[in-house]
S.K.: 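The structure under discussion is supplied below as structure tokens; questions concerning it will follow.
Every chain is numbered from 1, with letters handed out A, B, ... down the list of sequences.
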2 protein chains.
Amino acid sequence: MVDDQILIDNFFGRCEPKLTEQITQHLMPHIKVIRPAKKQIIIRENQTNSFAYFIIQGAARSYYLQNGVEVNTWFAFENEVVGSLRNYNDLPSRETVELLEDSVLIAFNMVGIKPLMLAHLEVSSFVNPVIGDYAAYLEDRLYYTHLRSAHDRFTTIMSQRPEIFNRVSLTHIASFIGVSRETLSRLRAR
Amino acid sequence: MVDDQILIDNFFGRCEPKLTEQITQHLMPHIKVIRPAKKQIIIRENQTNSFAYFIIQGAARSYYLQNGVEVNTWFAFENEVVGSLRNYNDLPSRETVELLEDSVLIAFNMVGIKPLMLAHLEVSSFVNPVIGDYAAYLEDRLYYTHLRSAHDRFTTIMSQRPEIFNRVSLTHIASFIGVSRETLSRLRAR
DNA sequence: GCAATCATTTGATATAAGTCACAAAATCAT
DNA sequence: ATGATTTTGTGACTTATATCAAATGATTGC
């Protein structure tokens, strides 16, 4: 197993612009590596959660309950961030995030990092792009979900996010596309 | 007609935390008040646009073309910001934004403001919440669009965004909810 | 004020997708 | 390995929504 500190150093090493040693020391107390197993839940619907997670290894799904049934809203894989800005603003999450595989994550305690952003331009400049990326990712999600027919959503996601079909069960994908399992099965049969 | 400078002063006056005089002087060259008429387009699909707009007075719709037909994606009113983070990242907009009423807007030239963010913590702290709000707004949009039946989307939007039904034509609303005008008419008749 | 356009409603029919029921295949736990 | 559980596929039938057509109501420009 790779040492936690090496994973964190790697992560900072790939940040642009580079953070000074002093700033990483400020951030360190609010960062930790976790290795949750498959099926573990890292964010719960209707609960506030102060963490954002960067996926070093693994896969996750987001879903919420609608009349008692789970509706999948997105899947995330390596080098993506999961978390909700609602949490960052002290609002409860709309979604539950569950891991689909044994994973390695970096957990950022945003409650601890938020005051550092206001105090240090460098931290602010580090977190901003993450929020920007998150918004871009939401725009992507919106684009996909706004496609009319199940067939359109199926082919678009199939062509633009093929990794989803490689790593996620069809049951989860059906719920995500917004069709019944049976309909997805029939779309695939075409 | 209210003087431009008074509108801008008002806007800054309501910002939290307050900006220093020095910083507002830095921002001023990148801000202007515009008064576009109904039907005017302020952001075009597939074009990069360096501006974000704050609506002082008026209403706007976002839409994109899908097989030649306009699909409405959102409506915005007073005290809301329209713009795309894709523009901010030099990517072309996915949507066209058209005004539904004669409007008064503050236009922020984000290309000019971006370097100020990196140089001044105060500017960074001023723009960050806007990006956060934008992400929260995207999360809202996602929540609505992910509802399964047209009837669910109709009643949810009806109860949570009633102002849309007061100010936007049913034709636009139908396209937004993702149903034909005829179906929306029948949903309303219930 | 009147014609012309645009928005909304209503009816008849067609079609995509849902639901229920069950079989087959794959995966998991002991 | 073997049985148990989960996942995927297929058929019959139902339902929601789209589409086409046409009438009524509301706005807009001249």
Side-chain angles (χ1 to χ4, degrees), chain A residues 36-41 58-61 63 65-72 75 98-103 144-158 162-190, chain B residues 36-41 58-61 63 65-72 75 98-103 144-158 162-190:
Chain A
K38 181 173 175 170
K39 296 206 175 170
Q40 194 163 323
I41 287 172
R61 70 172 174 123
Y63 68 89
L65 284 181
Q66 179 168 292
N67 308 326
V69 307
E70 295 177 2
V71 177
N72 289 317
F75 305 103
E98 180 199 77
L99 295 169
L100 296 170
E101 304 171 1
D102 295 346
S103 302
Y144 294 128
T145 53
H146 224 285
L147 295 168
R148 250 102 306 297
S149 69
H151 182 253
D152 279 358
R153 293 195 298 280
F154 168 70
T155 52
T156 303
I157 290 159
M158 190 76 167
E163 73 275 24
I164 290 178
F165 284 85
N166 299 334
R167 293 174 73 171
V168 178
S169 79
L170 294 175
T171 303
H172 283 326
I173 293 174
S175 153
F176 165 62
I177 292 179
V179 297
S180 65
R181 288 172 313 194
E182 294 91 330
T183 298
L184 178 58
S185 176
R186 289 177 184 118
L187 288 173
R188 275 160 48 87
R190 286 209 217 161
Chain B
K38 181 172 175 172
K39 296 207 175 168
Q40 194 163 323
I41 287 172
R61 71 173 175 123
Y63 67 89
L65 283 181
Q66 179 168 294
N67 307 327
V69 306
E70 295 177 1
V71 177
N72 290 317
F75 304 102
E98 180 199 77
L99 296 169
L100 296 170
E101 305 172 1
D102 295 345
S103 302
Y144 294 129
T145 53
H146 226 284
L147 296 168
R148 246 107 309 298
S149 70
H151 182 254
D152 279 358
R153 293 195 298 279
F154 168 70
T155 52
T156 303
I157 290 158
M158 189 76 166
E163 72 276 24
I164 290 178
F165 284 86
N166 299 333
R167 292 175 72 171
V168 178
S169 79
L170 293 175
T171 303
H172 283 327
I173 294 173
S175 153
F176 166 62
I177 292 178
V179 297
S180 65
R181 288 171 313 197
E182 294 92 330
T183 298
L184 178 57
S185 176
R186 288 177 183 116
L187 288 173
R188 273 158 50 86
R190 286 209 216 159

S.K.: Got a donor-acceptor contact below 3.5 angstrom from the A:Asn72 side chain to the A:Ser175 backbone?
M.R.: no

S.K.: Considering all heavy atoms of both residues, which atom of A:Arg167 and which atom of A:Gly58 are nearest to each other, and what is their separation?
M.R.: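 Looking at all heavy atoms of both residues, the shortest contact is NH2-O, 3.2 Å.
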
S.K.: Examine distances only and state if a side-chain atom of B:Thr155 and a backbone atom of B:His151 form a donor-acceptor pair shorter than 3.5 Å.
M.R.: yes

S.K.: Please check: side-chain N/O of A:Arg61 versus main-chain N/O of A:Ile173, any donor-acceptor pairing under 3.5 Å?
M.R.: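 Looks like no, no N/O pair under 3.5 Å.
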
S.K.: Check whether any side-chain heavy atom of B:Leu65 sits under 4.5 Å from a side-chain heavy atom of B:Glu70, and report yes or no.
M.R.: yes

S.K.: Closest heavy-atom contact between B:Lys38 and B:Asp102?
M.R.: N-OD1, 2.7 Å

S.K.: Take the C1' atoms of the five end pairs on each side of the helix from C:dG1-D:dC30 to C:dT30-D:dA1, get both axes, and report the angle to 10 degrees.
M.R.: 70°

S.K.: Is B:Arg188 touching bases, backbone alone, or none of the nucleic acid, heavy atoms closer than 4.0 Å?
M.R.: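 If one applies the 4.0 Å heavy-atom cut-off, B:Arg188 turns out to touch the sugar-phosphate alone, with no base involved.
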
S.K.: With respect to the phosphate group of C:dT8, does any side-chain polar atom (N or O) of B:Thr171 fall under 4.0 Å of OP1 or OP2?
M.R.: yes

S.K.: Identify which nucleotide among D:dG9, D:dT19, D:dT7 has an atom closest to any side-chain atom of A:Ser169, counting heavy atoms from C-beta outward.
M.R.: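 Of D:dG9, D:dT19, D:dT7, D:dT7 is nearest to the side chain of A:Ser169.
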
S.K.: Counting heavy atoms from C-beta on, name the nucleotide in C:dT9, C:dA17, D:dT8 closest to the side chain of A:Arg181.
M.R.: D:dT8

S.K.: Nearest to the side chain of A:Glu182 - C:dG18, D:dT10, D:dA18?
M.R.: D:dT10

S.K.: Would you say A:Arg153's side chain and A:Phe176's backbone share a donor-acceptor pair under 3.5 angstrom?
M.R.: no

S.K.: Among D:dG9, C:dG11, D:dG11, find the nucleotide with the atom closest to the side chain of A:Arg186.
M.R.: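 When the side chain of A:Arg186 is considered, D:dG11 is the closest of D:dG9, C:dG11, D:dG11.
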
S.K.: Tell me, which of residues 150-158 of chain A have any heavy atom that sits under 4.0 Å from an atom in DNA chain D?
M.R.: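 The stretch gives none, as no residue of it lies under 4.0 Å from the strand.
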
